[in-house]
Amino acid sequence: MIARSRHEPERFAILFTRHAQPLKRYVIRRLGLAVAEDIVAETFVVAFQQRASYDLTRADARPWLYGIATNLMGRHRRHEIILYRALSRTGVDSVTEPFTDQVERRVVADGARDRLAAALAGLPGGHRDALLLVTWAELTYEQAALALDVPVGTVRSRVNRARSKLRRVLGGMDPTAADEGANQ
């Protein structure tokens with residue numbers, strides 16, 4: 001699709017149709033609804049502008065798109081941390097879709113949502129990015145490594161450290177454990 005869009009730019013719209021909604025859900029989870037549409041739009045503008053340099057040996061464009069979005073979200077990190085801290089203080093979730101249904105039920109059932117939000121806010125940016133790409137965007141470790149432009153071992157290490165911190169903060173519960181086996 002990307003190769004064809006180099007000569008037929010209108011073909012790029014198919015990529016948008018396939019990936020915009022899941023990407024938007026991911027951004028909403030990270031930063032809230034207010035900036036999600038702008039980041040998704042900017043992600044596709046950047047991707048369109050850079051499509052000539054896309055590595056055509058990569059069959060799946062998702063890691064590339066999530067990498068662009070993650071870089072753009074870096075500009076909004078303070079807002080993301082503010083959202084998590086507000087959630088940890090108030091318990092009121094201002095983000096439309098905070099977690100997958102299964103994770104949401106586990107966190108709410110244990111009354112740990114505020115502690116989870118605080119733990120997410122306290123993670124280093126790279127650790128949070130790796131963890132959320134694997135758990136919320138459902139990328140494999142290899143795809144997350146491509147998205148973040150780091151070695152796969154770095155992603156594994158960051159996700160492991162992030163999960164360890166979450167388990168410590170949540171008294172042994174790991175709300176991301178349901179995803180652990182699928183992405184290794």
Side-chain angles (χ1 to χ4, degrees), residues 1-87 94-100 117 120-121 123-159 161-162 176 179 182-183:
M1 196 64 54
I2 295 172
R4 292 181 70 186
S5 78
R6 291 175 180 172
H7 303 290
E8 301 172 55
E10 64 278 1
R11 293 278 185 186
F12 198 80
I14 296 169
L15 194 69
F16 179 84
T17 301
R18 283 185 188 161
H19 300 293
Q21 284 306 312
L23 186 62
K24 182 178 176 183
R25 283 191 301 273
Y26 175 72
V27 176
I28 289 170
R29 289 173 179 161
R30 301 269 324 251
L31 298 176
L33 188 58
V35 297
E37 287 186 8
D38 290 341
I39 291 195
V40 171
E42 192 173 351
T43 296
F44 282 95
V45 167
V46 170
F48 184 78
Q49 292 169 343
Q50 295 179 359
R51 72 190 188 285
S53 63
Y54 180 77
D55 181 355
L56 297 175
T57 63
R58 295 182 181 173
D60 187 356
R62 285 181 340 131
W64 179 58
L65 293 170
Y66 280 91
I68 293 169
T70 299
N71 287 335
L72 294 172
M73 285 187 297
R75 298 177 190 159
H76 297 275
R77 282 206 201 286
R78 284 192 333 198
H79 186 255
E80 178 183 29
I81 291 170
I82 289 168
L83 282 175
Y84 292 141
R85 287 188 178 146
L87 177 59
S94 63
V95 179
T96 303
E97 297 176 340
F99 307 101
T100 63
L120 287 171
L123 290 175
H127 291 80
R128 187 173 43 253
D129 288 341
L131 177 70
L132 298 180
L133 282 170
V134 168
T135 57
W136 286 353
E138 299 178 353
L139 297 183
T140 65
Y141 287 118
E142 291 76 14
Q143 290 171 324
L146 290 171
L148 297 171
D149 197 26
V150 297
V152 70
T154 300
V155 170
R156 289 182 189 282
S157 173
R158 289 176 180 176
V159 168
R161 288 181 179 148
T176 67
D179 303 296
N183 294 305

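The side-chain contact (heavy atoms from CB on, under 4.5 Å) search around Glu8 returns Arg4, Glu10, Arg11, not counting sequence neighbours. Annotation: salt bridge (Lys or Arg N to Asp or Glu O under 4.0 Å) contacts of Asp149 (sequence neighbours excluded): none. Partners of Thr154 by side-chain contact (heavy atoms from CB on, under 4.5 Å), not counting sequence neighbours, listed by chain and number: Val150, Pro151, Arg158. Every residue was checked against the side-chain contact (heavy atoms from CB on, under 4.5 Å) condition with Asp38, not counting sequence neighbours, and none meets it. Among residues two or more places apart in sequence or in another chain, the side-chain contact (heavy atoms from CB on, under 4.5 Å) test is passed with Ala145 by Val152, Val155. Residues passing the side chain to side chain donor-acceptor pair (under 3.5 Å) test with Tyr26 are Arg30, sequence neighbours excluded. Every side chain to side chain donor-acceptor pair (under 3.5 Å) that Glu37 has, sequence neighbours left out, goes to Lys24.
Residues Leu133 and Ala144 share a closest heavy-atom pair of CB-CB, 4.2 Å. In terms of heavy-atom proximity, Ala47 sits nearest to Trp64 at O-CH2, 3.2 Å. When every heavy atom of Ala36 is checked against every heavy atom of Ile28, the shortest pair comes out as CB-CG1, 3.4 Å.
You'll find the side chain of Leu15 stays beyond 4.5 Å of the side chain of Phe48, heavy atoms only. Under the 4.5 Å side-chain criterion, counting only non-hydrogen atoms from C-beta, Val40 is in contact with Leu23.
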Report the C-alpha distance between Val27 and Met73 in whole Å, list the side-chain angles of each, state the deciding distance to 0.1 Å, and finish with yes or no for side chain to side chain contact (heavy atoms under 4.5 Å, CB included). CA-CA 8 Å; Val27 176; Met73 285 187 297; 4.0 Å; yes
Is there a side chain to side chain contact (heavy atoms under 4.5 Å, CB included) between Val159 and Tyr141 once you walk through the steps? CA-CA 9 Å; Val159 168; Tyr141 287 118; 3.7 Å; yes
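Atom CD1 of Ile39 sits about 9.5 Å away from atom OG1 of Thr70, to the nearest 0.5 Å. One finds the CZ atom of Phe44 at 5.0 Å from the CG atom of Leu65 (value rounded to the nearest 0.5 Å). Taken from OH in Tyr54 to CE in Met1, the straight-line distance is 11.5 Å, to the nearest 0.5 Å. Thr140 contributes atom OG1, which lies 8.5 Å from atom CG of Asp60 (distance to the nearest 0.5 angstrom). If you take CD on Glu138 and CZ on Arg25, they are separated by 9.0 Å, rounding to the nearest 0.5 Å.
Applying the salt bridge (Lys or Arg N to Asp or Glu O under 4.0 Å) definition to pairs two or more places apart or across chains, those involving residues 45-55 are Asp55-Arg58. Counting only residues at least two apart or in different chains, side-chain hydrogen bond (donor to acceptor under 3.5 Å, both in side chains) contacts with residues 41-50 comprise Glu42-Arg75.
Side-chain N or O atoms of Ser5 include one that pairs as donor or acceptor with a backbone N or O of Ile2 at under 3.5 Å. Side-chain atoms of Thr135 come within 3.5 Å of backbone N or O of Leu131 as a donor-acceptor pair. A donor-acceptor contact shorter than 3.5 Å is absent between the side chain of Arg62 and the backbone of His19.
For Arg18, the CZ atom counts as loosely surrounded, since its 6.0 Å shell holds 12 or fewer non-hydrogen atoms of other residues, nucleotides or ligands.
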